[in-house]
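So the structure is just underneath, and the comments pick up after that.
Note that the numbering runs from 1 along the sequence shown for the chain.
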Amino acid sequence: QAQLEESGGGLVQPGDSLTLSCVADGQFFTNRGMGWFRLPPGKDRELVAAINWPGDGKWYAEGVKGRYTISRDNTKRTLDLRIDSLSPEDTARFYCATGRWSDAPKRPSDYWHWGVGTQVTVSP
């Protein structure tokens, strides 16, 4: 198993919902804040959501509030990102990442390990 392994991406239509998942090795998950980044085509990678350990503190980028929901299952060592009302602007490669500490990492520099990502393409 990869240290962080994302899944759930694909080709979806505008208006659909999608849940991305990330399975993590213990050292990359337990007692760690976690986050989701996205890399849209031709743009910089951006942090879109973060969650603390054990999962009662969450943070979202302004542009995704209300449509993105981050959650974690500490027993299964999984991190999810639900995206509602998808639009073509959500087209990106999505990455889960491990924070350096247990709080919800709100800055890219607060992360130290990323998965290889999963592609989400929103198109009619």
Side-chain angles (χ1 to χ4, degrees):
Q1 179 184 328
Q3 295 161 342
L4 293 174
E5 186 171 356
E6 302 93 337
S7 64
L11 176 62
V12 296
Q13 294 191 339
D16 284 353
S17 295
L18 189 69
T19 297
L20 307 179
S21 293
C22 174
V23 179
D25 283 353
Q27 65 176 316
F28 297 95
F29 191 86
T30 304
N31 295 323
R32 303 282 188 180
M34 303 289 293
W36 283 97
F37 287 75
R38 69 181 180 187
L39 179 62
K43 298 183 179 180
D44 294 331
R45 186 172 62 181
E46 60 177 331
L47 176 64
V48 293
I51 190 168
N52 72 339
W53 173 275
D56 56 352
K58 302 177 183 180
W59 173 90
Y60 298 96
E62 280 298 322
V64 306
K65 283 183 179 178
R67 292 197 304 117
Y68 285 31
T69 303
I70 190 171
S71 62
R72 66 190 299 162
D73 185 323
N74 297 332
T75 300
K76 298 179 180 178
R77 295 200 308 274
T78 57
L79 178 74
D80 287 351
L81 183 71
R82 178 179 171 88
I83 308 174
D84 295 316
S85 302
L86 281 153
S87 73
E89 287 68 36
D90 293 307
T91 294
R93 192 162 186 86
F94 284 76
Y95 302 82
C96 70
T98 301
R100 300 181 188 276
W101 307 286
S102 62
D103 55 354
K106 302 177 182 66
R107 301 173 302 177
S109 60
D110 293 337
Y111 293 84
W112 67 282
H113 191 77
W114 284 261
V116 298
T118 184
Q119 178 67 33
V120 174
T121 302
V122 186
S123 179

Between side-chain atoms of residues 27-34 and protein atoms elsewhere (two or more places apart, or another chain), which donor-acceptor pairs fall under 3.5 Å?
| residue | atom | partner | partner atom | Å |
| --- | --- | --- | --- | --- |
| Thr30 | OG1 | Gly26 | O | 3.4 |
| Asn31 | OD1 | Trp53 | NE1 | 3.3 |
| Arg32 | NH1 | Arg100 | O | 2.8 |

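- Distance check, rounded to the nearest 0.5 Å: CD of Gln119 to CG of Leu11 gives 10.0 Å.
- Asp80 contributes no side-chain N or O that, together with a main-chain N or O of Thr19, makes up a donor-acceptor pair within less than 3.5 Å.
- With hydrogens and angles disregarded, a donor-acceptor distance shorter than 3.5 Å links the side chain of Glu6 to the backbone of Val116.
- For the atom pair OG (Ser21) and CD (Glu5), the distance works out to 11.0 Å, reported to the nearest 0.5 Å.
- Atoms CG and CG, from Asp90 and Asp16 in turn, are 11.5 Å apart once rounded to the nearest 0.5 Å.
- Between Ser17 atom OG and Leu86 atom CG the span is 6.5 Å, to the nearest 0.5 Å.
- Under the 4.5 Å side-chain heavy-atom criterion for Ile, Leu, Val, Met, Phe, Trp and Tyr, Ile70 and Trp114 are members of distinct hydrophobic clusters.
- Following chains of ILVMFWY side-chain contacts shorter than 4.5 Å, one can reach Val64 starting from Val120, so the two form part of one hydrophobic cluster.
- The ring pair (Phe, Tyr, Trp, His ring centres under 6.0 Å) analysis of residues 54-73, with sequence neighbours excluded, yields no pairs.
- Only one option out of Leu20, Leu39, Leu4, Thr118 pairs with Tyr95 in a side chain to side chain contact (heavy atoms under 4.5 Å, CB included); it is Leu39.
- Looking only at distances, a side-chain donor or acceptor of Thr91 sits under 3.5 Å from a matching main-chain atom of Val122.
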Cut-off 3.5 Å, no hydrogens considered: what does the side-chain donor-acceptor table look like for residues 40-52, sequence neighbours left out?
| residue | atom | partner | partner atom | Å |
| --- | --- | --- | --- | --- |
| Glu46 | OE2 | Arg38 | NE | 2.6 |
| Glu46 | OE2 | Arg38 | NH2 | 3.0 |
| Asn52 | OD1 | Gly55 | N | 3.1 |
| Asn52 | OD1 | Asp56 | N | 3.0 |
| Asn52 | OD1 | Gly57 | N | 2.8 |
| Asn52 | ND2 | Asp56 | OD1 | 2.8 |

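- Between Asp84 and Arg82 there is a salt bridge, with a side-chain nitrogen of the basic residue lying less than 4.0 Å from a carboxylate oxygen of the acidic one.
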